[in-house]
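Down below is the structure, laid out as structure tokens.
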Amino acid sequence: MADQDQARRKRTQPTWTPPAGTSDTPLKLYNSLTRKKEVFVPQKGRRVGWYSCGPTVYDTSHMGHARSYISFDILRRVMKDYFNYDVLYAMNITDIDDKIIKRARQNYLLEQYLDKKPSRKQLLEDVQTAMQPYRLKLEGETDPDKKAMLQRITNKVEEALTKLGQVTDNSAEPSKDEELTKVLVRDARDPLSEWLDSMHGCEVTDNSIFTKLPQHFEQEFHKDMDALNVLPADVLTRVSEYIPEVIEYVQTIIDKGYGYESNKSVYFDTTKFDGADTHFYAKLVPEAFGDSKAMLEGEGDLSISQDRLSEKRSTTDFAVWKASKPGEPSWDSPWGMGRPGWHIECSVMASSILGESLDIHTGGYDLKFPHHDNEIAQAEAYYDNDHWVRYFLHSGHLTIEGCKMSKSLKNFITIQEALSKYSSRQLRLGFLLHSWKDTLDYSADTMGTALKYEKMINEFFLTVKDVLRTDAPPFLKWDKPELQLAESFQQRKEGVHQALCDNIDTRTAMDQMRELVWDSNVYLKEKRDARQQPDHALLRDIAAYLTRMLKIFGAIEGEELIGFPVGGSSQAANLEETVMPYLSAMAEFRETVRQVARQHKAKDILQLCDELRDDVLPQLGVRLEDHEGLPPVVKLVDKETLLKEREEKLRIEEEKRRQKEEKQRKQQELQAAKEAKRRIPPSEMFLKDTDKYSNFDDTGFPTHDKEGKELSKGQQKKLRKLYDAQEKLYNEFVKSQQQQDGLVNGAEAK
């Protein structure tokens, strides 16, 4: 009976147990509010409200901007395209600011001054006058970097003054006079414009003067971002367009007791705010609370006069609305004509777009205090909450060859200058190979690493494309090499995933991708050596995955399945599909011609085949690779890359030729020296050394040193060895000459 029951149970499905599985790794981001990595949890499902501090557009964009905006672009792309968050990305343009006002005013006044075409004498006098307060500024500067910058400018101006001052009124070289004048105006631009501003700045009343400058540099900024393949913001805000919102925001802060009017300006009461049980001032950098130097820098150059500072209840208070002085743009408000403070701008614009609580706020590391801390305080006072920003992400500093980069110190590289040397992809790869939150050193070493990475992965893409163009069965049996590569593929993908979950660690992710390329290349070599066909599907999947990841990182544009675009992202796929059949036919024909030429030892034809490969095809963006015993490989590569490779090859060949010639020259010189030495009779070899010896015997052997002291036996023994060796050399020379003379005489006798 029991056996029957068991048999019946066996005829029904057993209980199914689900696998234990593994839990998915959550995304963690380094949050400046806690100074550690925190699990990222959006407030509204998959929706992410993100605000990024934009540029203050008063000058050309530089690599410090690129550091922030490329880094944030990478983070944004990964969040959106890898983790599939629905991101609303807002960014501001600061087009009202002390720096903008001061620069616009000074540019205008300097243009007006130069339009009057001052005489050489007048220019010299004015620059000398302008340098007096500038030298006082230099003497009073305590920051060593700023002092060094001011000193450099002063030295240049003084040198230019001296050179132009030496030119006479009746100079025979007017072009030289004109050139020296241009040099002086260029080098003295800062002190001269500051001097003019101190005298006439308050007379500038046309508001359009203060809008032209930021409009110009905003356009430049967008062009630079486009050139760097940085995605445009979903929402772009400008301070000048949000004046009514700023006024309403400031009034609310006053109404809630955290702001006060003083002499037509409005200040934020940090003491009152920090004293509230529900608020905390300086969340990001609490240890900086009371840092008067940082607070003054945050107020702006035009807002730190003694009368302005005396308006505050506390030195830690900061302006949210500034009463405009003569020579500054202004808008009407309940407190009088004025303009927004710097910090209030971001609070207002971010709140207008994203509301009372942002999921993510990004900005440069140097903006933490006081700017970002003041932003938080203003917004949390306005909304009366304690969570205006949930995750604050700060990009790391950028140094140049290990030195601090600063626009105010005139030590910076513009984005256009960087792009003239490297492509946007190469710059992005350099950033991807470093942590977004740590200091990045922009240097030849950093970019050299990026270039090597680009070449490594591009060569892999080209190799896979070449493999996929060959005929192969649709499916191959997976043996040990395929199984090993497939396992590596899964491990590396998991490694990339874990790295991106860990604070979007692109450096580790890129390392994992490099290892995957390495493993794939090992597999390809094994197959090539064994004359076996590699598995096309597996290689295609690996190359497509790497391409997808680089697209997510913003390092590849276009729709191609595999690799970098060729001939521009829009035409890459069509170009390759169109020309490859013809190039392959050409390569096969050339290989046949080479084989026939070898059989007939036709060197001229072989040379022509080499010239086609080395000189003609690179000009067309085609690399042709010959492999002994294997079909030729054709790769479409960027023309400039191929030409650089060709130049580098020629440079290396030229260097080898030069080294060979130098080696031959040195050997000839050595041989000539040996020959010359052989011709010296031993009786003469020491006679020229009068700085060492004073007396010699009849055979020319030295007996006394230069002071007239007789040489010791030990010294004579050493010199005798040299003398005997030279005597042997000389006798061999005489003998060889006698033999040569005998041969000549014998030939003449015949």
Side-chain angles (χ1 to χ4, degrees), residues 52 55 61-82 89 91 221-233 362 364 393 395-400 405 413-461 496 499-500 503-514 517 545-560 563-566 568-569 572 638 640-641:
S52 185
S61 302
H62 53 71
M63 284 303 291
H65 293 115
R67 170 59 172 146
S68 291
Y69 298 118
I70 291 179
S71 296
F72 299 149
D73 185 66
I74 292 167
L75 297 184
R76 177 186 176 191
R77 288 171 181 267
V78 171
M79 296 280 284
K80 183 168 62 77
D81 298 332
Y82 186 84
Y89 187 87
M91 186 181 77
F221 171 78
H222 291 313
K223 288 178 182 177
D224 287 342
M225 293 301 103
D226 186 58
L228 292 173
N229 195 30
V230 172
L231 294 172
T362 47
L393 314 183
S395 59
H397 285 301
L398 182 91
T399 57
I400 300 177
M405 197 213 75
I413 294 174
T414 68
I415 289 173
Q416 287 303 317
E417 286 172 342
L419 285 171
S420 68
K421 191 171 184 180
Y422 304 107
S423 69
S424 62
R425 180 198 303 148
Q426 290 163 349
L427 291 172
R428 185 170 289 250
L429 289 173
F431 286 28
L432 285 164
L433 291 166
H434 291 78
S435 168
W436 59 266
K437 76 177 188 65
D438 296 331
T439 297
L440 169 65
D441 185 42
Y442 178 75
S443 63
D445 288 344
T446 297
M447 292 312 301
T449 301
L451 295 178
K452 288 177 183 176
Y453 194 100
E454 180 189 45
K455 184 175 182 181
M456 172 273 300
I457 204 160
N458 189 40
E459 287 300 319
F460 174 68
F461 287 145
V496 169
L500 295 181
N503 197 37
I504 308 184
D505 179 5
T506 58
R507 176 172 53 189
T508 301
M510 296 285 279
D511 286 343
Q512 290 291 315
M513 292 162 64
R514 180 193 286 113
V517 171
Y545 167 76
L546 292 170
T547 302
R548 174 176 172 267
M549 292 310 304
L550 289 171
K551 284 182 180 179
I552 289 173
F553 294 155
I556 291 181
E557 300 176 73
E559 301 302 321
E560 54 282 346
F564 297 138
V566 180
S569 58
D638 179 65
E640 291 184 4
T641 300

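None of these values were measured; they are calculated from a predicted model.
Remark: side-chain polar atoms of R428 are paired, donor with acceptor, to backbone N or O of N229 under 3.5 angstrom. D81 places no side-chain N or O within 3.5 Å of a backbone atom of I552 that could act as its donor or acceptor partner.
Between M456 and F460 the shortest side-chain heavy-atom distance does not fall below 4.5 Å. Contact check for T506 versus F431: no side-chain heavy atoms found under the 4.5 Å cut-off. In this structure, the side chains of L419 and L228 come closer than 4.5 Å at one or more pairs of heavy atoms. Residues Y453 and T449 form no side-chain contact, since every pair of their non-hydrogen atoms from C-beta on lies 4.5 Å or further apart. No side-chain heavy atom of I413 sits less than 4.5 Å from a side-chain heavy atom of K421. Taking 4.5 Å as the limit, every side-chain heavy atom of S52 sits out of range of all side-chain heavy atoms of R76. Residues L550 and F461 have side chains in contact (heavy-atom distance under 4.5 Å, counting atoms from C-beta outward). Annotation: side chain of E459 is not in contact with side chain of V517 (no heavy-atom distance under 4.5 Å).
Between F553 atom CZ and M513 atom CE the span is 5.5 Å, to the nearest 0.5 Å. Atoms CZ and CZ, on R425 and F564 in that order, are 4.5 Å from each other to the nearest 0.5 Å. Separation of atoms NZ (K437) and CG (L393) is listed at 11.0 Å; rounding is to 0.5 Å. One finds the CD1 atom of I504 at 5.5 Å from the CE atom of M79 (value rounded to the nearest 0.5 Å). The structure places CD of Q416 at 9.5 Å from NZ of K223, a figure rounded to the nearest 0.5 Å. A distance of 10.5 Å separates CD1 of I415 from CD of E417, quoted to the nearest 0.5 Å.
Between D511 and R514 there is a salt bridge, since at least one side-chain N of the basic residue sits less than 4.0 Å from a carboxylate O of the acidic one. Using a cut-off of 4.0 Å between Lys/Arg side-chain N and Asp/Glu carboxylate O, D73 and R77 are scored as salt-bridged.
No donor-acceptor contact under 3.5 angstrom links the side chains of S71 and S68, judged on distance only.
Nearest approach of W436 to N503, heavy atoms of both residues: NE1-O, 2.8 Å. Between G364 and S395 the shortest heavy-atom distance is CA-OG, 3.7 Å. Closest non-hydrogen pair, M510 versus L429, comes out as CE-CD2, 3.6 Å. Residues P565 and E557 share a closest heavy-atom pair of CG-O, 3.0 Å. Of all heavy-atom pairs spanning A418 and L427, the tightest one is CB-CD1, 4.2 Å. When all heavy atoms of G430 and L440 are compared, the pair lying nearest together is O-CD1, 4.3 Å.
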Between L500 and M549, is a side-chain contact (heavy atoms from CB on, under 4.5 Å) present by the stated rule, with each step listed?
CA-CA 11 Å; L500 295 181; M549 292 310 304; 3.8 Å; yes

Please step through side-chain contact (heavy atoms from CB on, under 4.5 Å) for the pair H62 and L398, ending with a clear verdict.
CA-CA 11 Å; H62 53 71; L398 182 91; over 6 Å; no

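The aromatic rings of F72 and Y69 lie perpendicular to each other, with more than 60° between the two planes, well past the 30° mark.
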